[in-house]
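Below is one structure, written out as structure tokens; comments come after it.
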Amino acid sequence: MKPGNRKVAVTGVALSDCGRVDDATPYALHAQAARRALADAGLDRALVDGFASAGLGTLAPVEVAEYLGLRPTWVDSTSVGGSTWEVMAAHATDAIAAGHAEAVLLVYGSTARADIRAGRRAGELSFGARGPLQFEVPYGHTLIAKYAMAARRHMIEHGTTIEQLAQVAVQARANAALNPEAMYRDPITVDDVLNGPLIADPFTKLHCCLRSDGGAAVLLVAEEYARDCRTRPVWILGTGEHVSHAAMSEWPDFTVSPAAVSGRLAFGRAGVRPADMDFAEIYDAFTYMTLVTLEDLGFCAKGEGGAFVEKGRLLVRGGELPVNTDGGGLSAQHPGMRGLFLLVEAVRQLRGEAGERQVRARDGGPPRLGVASGTGGWFCSSATVVLGRDR
């Protein structure tokens, strides 16, 4: 196959131990997820000549590659928060298609929960006070508060209700109930969400993601290697990236996320429409992220996200568009930059390996198309990946 024209497939996906992991280091979780993903694909580690990682080590991804015993000739350490891994998947796809790599391994691991329990870090997340952030830090708003302000703006402009936002959490938990790997599986109601402790108006605790430990890994390979794998390949059909702002004052519209651009690019390059998707995996550190990303990806019109989510449309069982089929960051796991978990779940769904939470296409058969969309910072960046069972 001529370089530049090669198709790219995901052939290995895996999670490390997740949830409450008190006896492992982040490096160990990276290694566990990487070994499992390679075993999933059935490919030898020697084939891996590309490596991407972020969030760990002084010289990421050099330190992690060394720990894993890899000596890659193509690397990526892009770090843009939760969308990091969709960006890396896009970069790896381009590199493989161009012949710059044959197999690229994306790996992440974090002990965010265990570190807090052990006193190794505090619960507050600070991005510092340099650069454009110096103009916002004196006012004291937190990362959560920035998302809360955006949610409140949507409520004011479009009439979105707190009950509609709560439905996102309720349906995520219902999906998590079908996932044996999810951290929280007990059902919750809208009243449970509304009556929880206030974190940042309008968000109560259950509007916010959980904090867990865990890791994930995804292996992408050139099409000629896909036939040698033990798993059915899932193809990367189209990708898109976009960065919007760093300072909240530079964000033109709090009700529009950068997914409005990354989604349009990804769907266009894949030659498909949002309506063609059988499911969506969306970064959900907060309930508002799911709602506004659904709008911006084109699953409903701007301002209609509240009405879209309140009818049970996000459910694996009976939903028109199953969203965050594993339970998402709100209920399954959220060890930090969760974007890689979206890709793992999307691949499992397209392979038909999701067990009780397996999505079915509209015709009752296995899903053919899915989308994973990651968001970073406080809606600062977005990357979207369209995946399919067929090329």
Side-chain angles (χ1 to χ4, degrees), residues 6-13 37 50 52 54 76 78-97 101 103-108 216-223 226 233-243 257-274 276-284 289-290 293-294 296-299 321-326 328-329 337-351 359 367-376 381-391:
R6 297 198 299 183
K7 304 298 182 183
V8 178
V10 178
T11 57
V13 297
D76 189 359
T78 299
S79 185
V80 285
S83 62
T84 291
W85 309 101
E86 282 70 32
V87 170
M88 286 181 171
H91 294 178
T93 299
D94 291 343
I96 294 170
V104 177
L105 185 64
L106 318 182
V107 191
Y108 176 66
V218 169
L219 179 67
L220 298 92
V221 304
E223 60 182 304
V234 170
W235 302 95
I236 304 292
L237 303 181
T239 65
E241 309 163 39
H242 181 54
V243 295
S257 80
V261 176
S262 71
R264 172 174 52 80
L265 293 173
F267 288 128
R269 291 164 180 168
V272 297
R273 304 167 301 155
D276 297 325
M277 298 300 106
D278 294 310
F279 62 88
E281 309 298 339
I282 293 174
Y283 205 100
D284 62 339
M289 295 176 75
T290 302
T293 304
L294 285 167
D296 293 333
L297 291 178
F299 291 110
L321 178 72
V323 171
N324 296 337
T325 51
D326 62 346
M337 297 186 292
R338 192 180 179 272
L340 198 54
F341 292 75
L342 309 182
L343 294 170
V344 171
E345 178 65 11
V347 170
R348 286 177 169 176
Q349 287 289 345
L350 289 166
R351 286 181 182 171
V359 169
R368 294 184 57 254
L369 292 168
V371 61
S373 189
T375 301
S381 65
S382 174
T384 302
V385 179
V386 178
L387 308 100
R389 286 168 58 91
D390 304 311
R391 290 185 287 184

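Scope of the values below: all heavy atoms of this structure, side chains included, with no hydrogens, waters or symmetry mates.
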query: Is any side-chain N of the basic residue among Asp390 and Arg368 closer than 4.0 Å to the acidic one's carboxylate O?
result: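 Looking at Asp390 and Arg368, the cut-off is met.
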Interatomic spacing from [atom1] in [X] to [atom2] in [Y] - rounded to 0.5 Å:
X	Y	atom1	atom2	result
Leu321	Leu294	CG	CG	6.5 Å
Glu281	Thr325	CD	OG1	3.5 Å
Thr375	Met289	OG1	CE	4.5 Å
Leu350	Arg389	CG	CZ	7.5 Å

For [X] versus [Y], what's the shortest heavy-atom pair and its separation?
X	Y	answer
Gly82	Tyr283	CA-CE1, 3.3 Å
Met337	Gly81	SD-O, 3.5 Å
Val104	Ala92	CG1-CB, 3.7 Å
Ala216	Leu340	O-CD2, 3.1 Å
Pro258	His242	CB-CD2, 3.5 Å
Trp235	Ala226	CH2-CB, 4.2 Å

Would you call [X] and [Y] a side-chain contact if the rule is heavy atoms closer than 4.5 Å?
X	Y	answer
Ile282	Leu342	no
Thr93	Ile96	no
Asp296	Ser257	yes
Lys7	Ile236	no
Leu343	Val385	yes
Asp276	Phe267	no
Val272	Leu369	yes
Trp85	Phe341	no

Hydrogens and angles aside, do [X] and [Y] bring a side-chain donor and acceptor to less than 3.5 Å of each other?
X	Y	value
Thr239	Glu86	no
Asp284	Thr290	no
Ser381	Ser83	yes

field: Derivation of the side chain to side chain contact (heavy atoms under 4.5 Å, CB included) call for Val218 and Val347
entry: CA-CA 9 Å; Val218 169; Val347 170; 5.7 Å; no
Steps toward side-chain hydrogen bond (donor to acceptor under 3.5 Å, both in side chains) verdict (Ser382, Glu241): CA-CA 6 Å; Ser382 174; Glu241 309 163 39; over 6 Å; no
query: Can you name the salt bridge (Lys or Arg N to Asp or Glu O under 4.0 Å) partners of Asp326, sequence neighbours left out?
result: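 Asp326 satisfies salt bridge (Lys or Arg N to Asp or Glu O under 4.0 Å) with Arg338 only.
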query: Are the side chain of Gln349 and the backbone of Val359 linked by a donor-acceptor contact shorter than 3.5 Å?
result: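 Checked: pair present.
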Counterpart residues, side-chain hydrogen bond (donor to acceptor under 3.5 Å, both in side chains), relative to Ser373 (two or more places apart):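 If we apply the side-chain hydrogen bond (donor to acceptor under 3.5 Å, both in side chains) test to Ser373, skipping adjacent residues, the hits are Thr384.
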